[in-house]
Amino acid sequence: DVKVTQSSRYLVKRTGEKVFLECVQDMDHENMFWYRQDPGLGLRLIYFSYDVKMKEKGDIPEGYSVSREKKERFSLILESASTNQTSMYLCASSLRGSWNSPLHFGNGTRLTVT
Amino acid sequence: GEDVEQSLFLSVREGDSSVINCTYTDSSSTYLYWYKQEPGAGLQLLTYIFSNMDMKQDQRLTVLLNKKDKHLSLRIADTQTGDSAIYFCAERRRGNEKLTFGTGTRLTIIP
């Protein structure tokens, strides 16, 4: 069974802190994604990676960066956390080029920035 | 166009059918998906439909696609309390690995 694991379910950080959100998948998927989920806005793509060390900006990359040093791990970095980054963050992975292969999601990290 | 739109809320009586609607704007969409999110969890794929199909049925779930109107719907027959969740539609455009999600519809079951 595909497993996408996000390291923390809940995080509370202070404004200005550097924050790392970690995600690991065990299915050798090429694609990995970071989304944020906000009420009434649905899921918005922050960054996407289609291979090790490769990344693409999503719809809302401002204030975020990512790292993909190993195939199974995709990290989201908030360089200087701000209160408007309080949100639910969802990591997902998928097989490249497989149209009927779904995105597999982790359970999410709820980040609060105070 | 890049928007995928859904109503935010739907309430249905237990045992009735639920119909969740979605509109999308990109005519190059190839696959359209329905995901379910239960409280405290990530999203799970419920079903998907290829853009050259009109309908797909899977047990209690029926997906209808009107490509001309760019309208997608998910019908859940005999709605149960376990169907309470947020339902997201998503589209995948030709040549693109990324999915674009709608705002999600929160389905509430009335006993």
Side-chain angles (χ1 to χ4, degrees), chain A residues 1-10 21 23-25 29-51 54-61 74 87-110, chain B residues 1-10 20-26 28-53 56 58 61 63 72 85-106:
Chain A
D1 203 18
V2 177
K3 202 162 175 114
V4 178
T5 304
Q6 295 184 230
S7 54
S8 305
R9 288 301 300 270
Y10 300 95
L21 302 184
C23 175
V24 176
Q25 51 95 3
H29 284 170
E30 294 89 355
N31 298 331
M32 294 189 76
F33 306 81
W34 276 106
Y35 287 89
R36 66 176 277 177
Q37 180 180 5
D38 299 288
L41 297 176
L43 271 68
R44 293 179 292 166
L45 182 65
I46 305 171
Y47 265 99
F48 159 52
S49 170
Y50 51 91
D51 207 343
M54 306 305 284
K55 61 186 179 186
E56 251 185 51
K57 291 180 180 178
D59 300 317
I60 51 162
F74 191 34
S87 187
M88 170 70 88
Y89 290 87
L90 291 166
C91 175
S93 71
S94 70
L95 276 173
R96 186 163 66 219
S98 178
W99 300 107
N100 60 352
S101 171
L103 259 61
H104 296 271
F105 282 86
N107 283 334
T109 297
R110 186 167 291 284
Chain B
E2 298 180 355
D3 288 343
V4 179
E5 295 187 354
Q6 303 176 238
S7 299
L8 290 180
F9 303 98
L10 178 66
I20 303 170
N21 295 302
C22 171
T23 57
Y24 61 98
T25 56
D26 198 312
S28 72
S29 295
T30 51
Y31 277 90
L32 295 138
Y33 304 82
W34 284 104
Y35 280 81
K36 178 183 181 182
Q37 184 183 35
E38 296 183 354
L43 279 67
Q44 287 187 303
L45 181 70
L46 275 181
T47 187
Y48 62 88
I49 189 167
F50 189 51
S51 57
N52 67 354
M53 298 167 65
K56 182 178 180 182
D58 183 3
L61 304 179
V63 179
L72 182 72
I86 302 176
Y87 291 82
F88 291 91
C89 69
E91 63 170 352
R92 188 175 211 163
R93 295 168 196 160
R94 191 177 301 282
N96 200 324
E97 296 283 336
K98 296 176 280 189
L99 268 64
T100 300
F101 285 86
T103 53
T105 299
R106 184 180 294 274

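Owing to the predicted nature of the structure, the values given are computational and were not obtained by experimental measurement. So that the names make sense, note that chain A is the first sequence line, chain B the second, and so on, each numbered from 1.
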**Asked** Tell me, side chain or backbone of A:Glu56 under 4.5 Å from chain B's heavy atoms, or both, or neither?
**Response** side chain
**Message:** Quick check on B:Tyr35 against chain A: is it the side chain, the backbone, both or neither that has a heavy atom closer than 4.5 Å?
**Reply:** side chain
**Asked** Atom CG in A:Asp59, atom OG1 in B:Thr100: separation rounded to 0.5 Å?
**Response** 6.5 Å
**Message:** Would the distance check show the side chain of A:Tyr50 and the main-chain N or O of B:Glu97 forming a donor-acceptor pair, the cut-off being under 3.5 Å?
**Reply:** no
**Asked** Could you state the interatomic distance from OH (A:Tyr35) to CG (B:Leu43), rounded to the nearest 0.5 Å?
**Response** 9.5 Å
**Item:** Gap between atom CG of A:Leu103 and atom OH of B:Tyr33 - 0.5 Å precision
**Value:** 8.0 Å
**Asked** Just wondering, more than 12 heavy atoms not from A:Arg110 lying within 6.0 Å of its CZ?
**Response** no
**Request:** Check step by step if side-chain contact (heavy atoms from CB on, under 4.5 Å) holds for B:Gln37 and A:Leu43.
**Result:** CA-CA 12 Å; B:Gln37 184 183 35; A:Leu43 271 68; 5.6 Å; no
**Prompt:** At what distance, to the nearest 0.5 angstrom, does CG of B:Leu8 lie from CG of A:Leu41?
**Reply:** 9.0 Å
**Side chain / backbone / both / neither for A:Leu45 at chain B, heavy atoms under 4.5 Å** = side chain
**Request:** Using non-hydrogen atoms and a 4.5 Å limit, figure out which bit of A:Arg9 sits close to chain B: side chain, backbone, both or neither.
**Result:** side chain
